[in-house]
Amino acid sequence: MASWALSRITNLQNHLNPTPKGENLIKISPEVSEALSLGKAVVALESTIISHGMPYPQNLETAKEVEEIVRQNGAVPATIAILDGVSCIGLSVEELERLAILGRKARKTARRDIAHVIATRGNGATTVSATMFFASMVGIPIFVTGGIGGVHRHGESTMDISSDLVELGRTPVAVVSAGVKSILDISRTLEYLETQGVCVAAYQTSEFPAFFTDKSGFKAPSRVDSPEECARLIDTSSNLKLGTGILIGVPIPSEHSASGKTIESAIQKALKEAREKNITGSAETPFLLARVNELTGGASLASNIALVKNNARVGAQIAVSLSQLREQSS
């Protein structure tokens, strides 16, 4: 029996008979649980973009729109967050709104923070690494985000490297993003991913995308041109039990791609301000993105929303193709 089929049976058993020790720590929405048990397409979504990415009510509206795009393309959205110490896989409208209103009061939660947020019964908005962890735990193979973290500029001196990259090296979830945030060192990020054994593929292009723009100047190690190709890549990696994630870089739609020169100028100014204010660690990326948005008159935030929606469309199509591929091989 194929490994994915065994996994599906295990998921079904776990959903029907949760272990007493963990039943108060994780909650899967009925819609997501049913879809997983039946082998239907499910797409995981992070929640940091809701709490830390934009103000209320724009964050709530965007979250709802992204989930709707996933549904329109045939998949079930599973936004992930921690509420009152319970890991929630799939949020209700009320839970989405609560998280949106909480905003930055919700803790930005990476893998390292999960246990503490749960133990203190806190509220956590999951980053890429935490979302991947929970997605893998319940058997969701595909996760859509805006852009992943990476090696920060001057990272060779500061050793400031996002845990997203380490997570990709040890958690078998395919991440669909618009590449690496252009506020980071893209070249060193790609080198680090190679060291971690992560398959990096660009979608319908040979150049690795750079979040706000579709051009980074760096060639992608691999290329995929359709949801079906992506599905075969994910399924093959799973069957080989490589145990690593896959990064699929989807370029931002050209009509929303900001001028690279304008964005780079804003990034350099924001980086200088961050150093002067000694803003580092997990606080740096939100600061840089917010400052770049201010310096570009809101253009970068508009681009951010556009690329997330595009990623949701592509990610859902990949999830559907993967579900169909596995159904055919059963």
Side-chain angles (χ1 to χ4, degrees), residues 41-49 53 62-63 65-80 126-136 139-150 162 164-165 167-169 171-181 189-190 193 198-205 207-212 214 216 220-238 244-253 256 303-325:
V42 179
V43 172
L45 300 168
E46 64 157 289
S47 48
T48 295
I49 191 172
T62 300
E65 289 169 359
V66 170
E67 285 201 347
E68 183 57 28
I69 289 170
V70 171
R71 293 184 194 283
Q72 289 174 353
N73 284 275
V76 173
T79 300
I80 296 175
T126 56
T127 64
V128 169
S129 64
T131 306
M132 285 184 71
F133 172 80
F134 285 120
S136 178
I140 301 175
I142 296 172
F143 159 45
V144 164
T145 185
I148 67 163
S162 172
D164 296 354
L165 306 187
E167 201 66 38
L168 275 160
T171 303
V173 170
V175 178
V176 178
S177 81
V180 178
K181 295 182 177 73
T189 296
L190 289 172
L193 286 169
V198 177
C199 176
V200 177
Y203 188 73
Q204 297 181 345
T205 180
E207 186 168 344
F208 190 71
F211 197 64
F212 291 125
D214 56 356
S216 68
S222 304
R223 173 174 176 150
V224 283
D225 287 302
S226 68
E228 293 76 20
E229 279 189 40
C230 294
R232 287 196 295 272
L233 173 61
I234 296 167
D235 194 50
T236 299
S237 179
S238 175
T244 54
I246 296 171
L247 178 61
I248 299 174
V250 180
I252 183 174
H256 297 290
S303 295
N304 193 347
I305 293 172
L307 66 84
V308 170
K309 290 180 177 179
N310 186 57
N311 292 347
R313 176 184 62 83
V314 174
Q317 292 172 354
I318 294 171
V320 170
S321 292
L322 181 61
S323 175
Q324 293 172 344
L325 174 65

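Of the residues listed (Leu45, Val144, Val43), the one engaging Pro77 in a side-chain contact (heavy atoms from CB on, under 4.5 Å) is Leu45, and it is the only one. When each of Thr127, Val175, Asp164 is tested with Thr145 by the rule side-chain contact (heavy atoms from CB on, under 4.5 Å), just one qualifies, namely Val175.
Checking side-chain atoms of Glu207 against main-chain N and O of Ser216 turns up a donor-acceptor pair under 3.5 Å. With hydrogens and angles ignored, the 3.5 Å screen pairs no side-chain donor or acceptor of Ser323 with any backbone N or O of Ala319. Looking at Thr126, its side chain never comes within 3.5 Å of a backbone N or O of Glu46 through a donor-acceptor pair. The closest donor-acceptor contact from the side chain of Asn310 to the backbone of Ala306 lies at 3.5 Å or more, if one exists at all.
Nearest heavy atom pair, residue Ala202 against residue Pro209, reads CB-CD, 4.5 Å. Across every non-hydrogen atom of Gly146 and Asn311, the tightest pair is O-ND2, 3.3 Å. Looking at every heavy atom in both residues, Pro251 comes nearest to Asp214 through CB-CB, 3.7 Å. Nearest heavy atoms, Ala316 versus Ala75: CB-CB, 4.0 Å. Residues Val42 and Ala78 come closest through the heavy atom pair CG1-CB, 4.0 Å. A pairwise comparison of heavy atoms in Pro227 and Tyr203 identifies CD-OH, 3.3 Å as the closest pair.
Rounding to the nearest 0.5 Å gives a distance of 7.5 Å between CZ of Phe134 and CD1 of Ile80. In this structure, OG1 in Thr236 is found 8.0 Å from CG in Leu325, a value given to the nearest 0.5 Å. Between atom CG of residue Asn304 and atom CD1 of residue Ile49 there is a gap of 5.0 Å, rounded to the nearest 0.5 Å.
Considering only heavy atoms from C-beta on, Leu168 comes within 4.5 Å of Ile148 through its side chain. Within the 4.5 Å cutoff, side-chain heavy atoms of Phe208 are placed close to those of Leu247. Side-chain contact between Thr48 and Val128 is absent, with no heavy atoms from C-beta onward closer than 4.5 Å. Taking the side chain as every heavy atom from C-beta outward, Thr244 and Cys199 never approach each other to under 4.5 Å. Using a 4.5 Å cut-off on side-chain heavy atoms (C-beta onward), Ile234 and Ile246 make contact. Using a 4.5 Å heavy-atom cutoff, the side chains of Leu165 and Leu193 are in contact. No side-chain heavy atom of Asp235 sits less than 4.5 Å from a side-chain heavy atom of Arg232. Contact annotation: the side chain of Val173 never approaches that of Phe133 to less than 4.5 Å [non-hydrogen atoms, C-beta and beyond].
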Could you walk me through whether Val66 and Lys309 satisfy the side-chain contact (heavy atoms from CB on, under 4.5 Å) test, starting with their C-alpha distance in whole Å, then the side-chain angles of each, then the deciding distance to 0.1 Å, before giving a yes or no? CA-CA 6 Å; Val66 170; Lys309 290 180 177 179; 4.2 Å; yes
One pair to check against side-chain contact (heavy atoms from CB on, under 4.5 Å): Thr79 and Glu67. What are the steps and the verdict? CA-CA 8 Å; Thr79 300; Glu67 285 201 347; 2.6 Å; yes
